[in-house]
Q: 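The structure that follows is given in the form of structure tokens.
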Amino acid sequence: MKNKKNYPSEVYLNGNWMPPQEATVSVFDRAFMFGDGIYEVTPFYRGKPFRLQDHLDRLKYCLGEIKIPFDFSILETLMFEVLSRAGLSDSDAAVYIQVSRGAAPRTHYFPDDPKPTFLMYAFPAQLEKFQEKRWKVLVSEDFRWQRCDIKSTALLANTMSNEEAIAGGFDENLLVRDGYFTEGSHSTAFFVSDGTVYTHPEGPHILSGITRKLVLEMCRDLGVAYKEEAFLLNNISEVQEIFLTGTTTQITVVESLHTEGKEIYTSQNGEITARLQEEFARLTRASQ
Ligand code: PDD
């Protein structure tokens, strides 16, 4: 089912606060023409950012990879300001940040003197009850580019895949490249087989999820065996648990997996996922 989403009441665009209907950018903005921009989504649990430095580091890495200059000096302060102006300082929420290369006469090469477009807004996020979610997931071919480590606004392949899933009555996709599961259309994938947690290694075929990193830390701390190894679609019969992670997905159980009209996996025993969810809930709420 398609969730209805609302616009925020206010956005921050290039140094100014304004209602979204007044926030406009040039038709020559390179994000409009080429998807030439980077974005980041940071969660705030009751007003407290979670893993903020990791999110800022990833934003810095991605902007660096595509050579967009950006001044980070007041970003953190602005993130708290956007939250408080939206009346979300005591709620569960997330802050969306987007930096594009800005407007320039259309060329495939980068302009020499870019004037980046900086957009930010806060939105309420449902960060409770993730343990109750059970997702029905569609297997889709991963036809994205070879730099999925860059959190680019050019998400057409992700949105096409996810549209197919949602329109078909599913909750998310699991993407497969060369026979191996890579990740979800907007989440990281984990598989549990014989007590070991598997997830795709970092590199150009996945986004280095902040929640992924946390899950691996939790595995280490809880003494749960894990391997950063890609899992084969053909080995799905060896899987007892699948879960998906992300900033707003948190740790969500995959109830069933489908391809070509067939159910190829049904959740059996969620023991390890439940332990990780419990620890995740504890850590995200720890300082409150
Ligand atoms: N999506 N992989 C992809 C392709 C993603 O888009 C996301 C997050 C993740 C999980 O990353 P993290 O744990 O750092 O949120 C993995 C965000 C939230 C989005 O597009 O809205």
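Both counts, for ligands and for their atoms, begin at 1 and track the order of listing. Bear in mind that the values here come from a model prediction, so they are computed numbers and not experimental data.
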Q: Against heavy atoms of Glu183, which atoms of ligand 1 measure under 4.0 Å?
A: 2 (N), 3 (C), 4 (C), 16 (C)
Q: Does ligand 1 have any atom that is closer than 4.0 Å to a heavy atom of Tyr39?
A: yes
Q: Ser208 to ligand 1: N or O pair under 3.5 Å?
A: no
Q: May I ask you to list the atoms of ligand 1 that are less than 4.0 angstrom from any heavy atom of Thr188?
A: 10 (C), 16 (C)
Q: Can Lys151 and Glu65 be counted as an ion pair, charged N to O under 4.0 angstrom?
A: no
Q: Should the pair Lys67 and Phe110 be classed as cation-pi, given the thresholds of under 6.0 Å to the six-membered ring centre and 45° from the axis?
A: no
Q: Do the charged groups of Lys2 and Glu163 touch, with an N to O distance under 4.0 Å?
A: yes
Q: Using 30° and 60° as the class limits, which term best fits the ring planes of Phe50 and Phe280: parallel, tilted or perpendicular?
A: perpendicular
Q: Evaluate the ring-ring contact (aromatic ring centres under 6.0 Å, His included) criterion for residues His108 and Phe34: first the C-alpha distance (whole Å), next the side-chain angles of each, then the deciding distance (0.1 Å), finally the verdict.
A: CA-CA 9 Å; His108 279 63; Phe34 299 109; 5.5 Å; yes
Q: Which heavy atom of the protein is the closest neighbour of atom 11 (O) of ligand 1, given with residue, atom name and distance?
A: Gly209 CA, 3.5 Å
Q: Can you tell me if Ser185 contacts ligand 1 (heavy atom of the residue under 4.0 Å from the ligand)?
A: yes
Q: Could you pull out, from His55, Lys151, His186, Gln250, the option with a heavy atom nearest to atom 17 (C) of ligand 1?
A: Lys151
Q: Would Leu207 count as being in polar contact with ligand 1, using the rule that some N or O on each side must be under 3.5 angstrom apart?
A: no
Q: For atom 21 (O) of ligand 1, find the nearest protein heavy atom and state the residue, atom name and distance (0.1 Å precision).
A: Val41 CG2, 3.8 Å
Q: Before giving the answer on ring-ring contact (aromatic ring centres under 6.0 Å, His included), spell out for Phe190 and Tyr198 the whole-Å C-alpha distance, their side-chain angles and the decisive distance to 0.1 Å.
A: CA-CA 6 Å; Phe190 290 83; Tyr198 290 82; over 10 Å; no
Q: Tell me which protein heavy atom sits closest to atom 15 (O) of ligand 1, plus the residue, atom name and distance to 0.1 Å.
A: Thr247 OG1, 2.6 Å
Q: Just checking Phe70 against Phe118, ring centres under 6.0 Å apart?
A: yes
Q: Where on Ser187 is there a heavy atom closer than 4.0 Å to ligand 1, on the side chain, on the backbone, on both, or on neither?
A: backbone
Q: Stepwise, does the salt bridge (charged side-chain N to carboxylate O under 4.0 Å, His left out) test hold for Asp90 with Lys48?
A: CA-CA 8 Å; Asp90 298 316; Lys48 296 213 172 53; over 6 Å; no
Q: Could you find the nearest protein heavy atom to atom 13 (O) of ligand 1 and give me its residue, atom name and distance?
A: Thr211 OG1, 2.6 Å
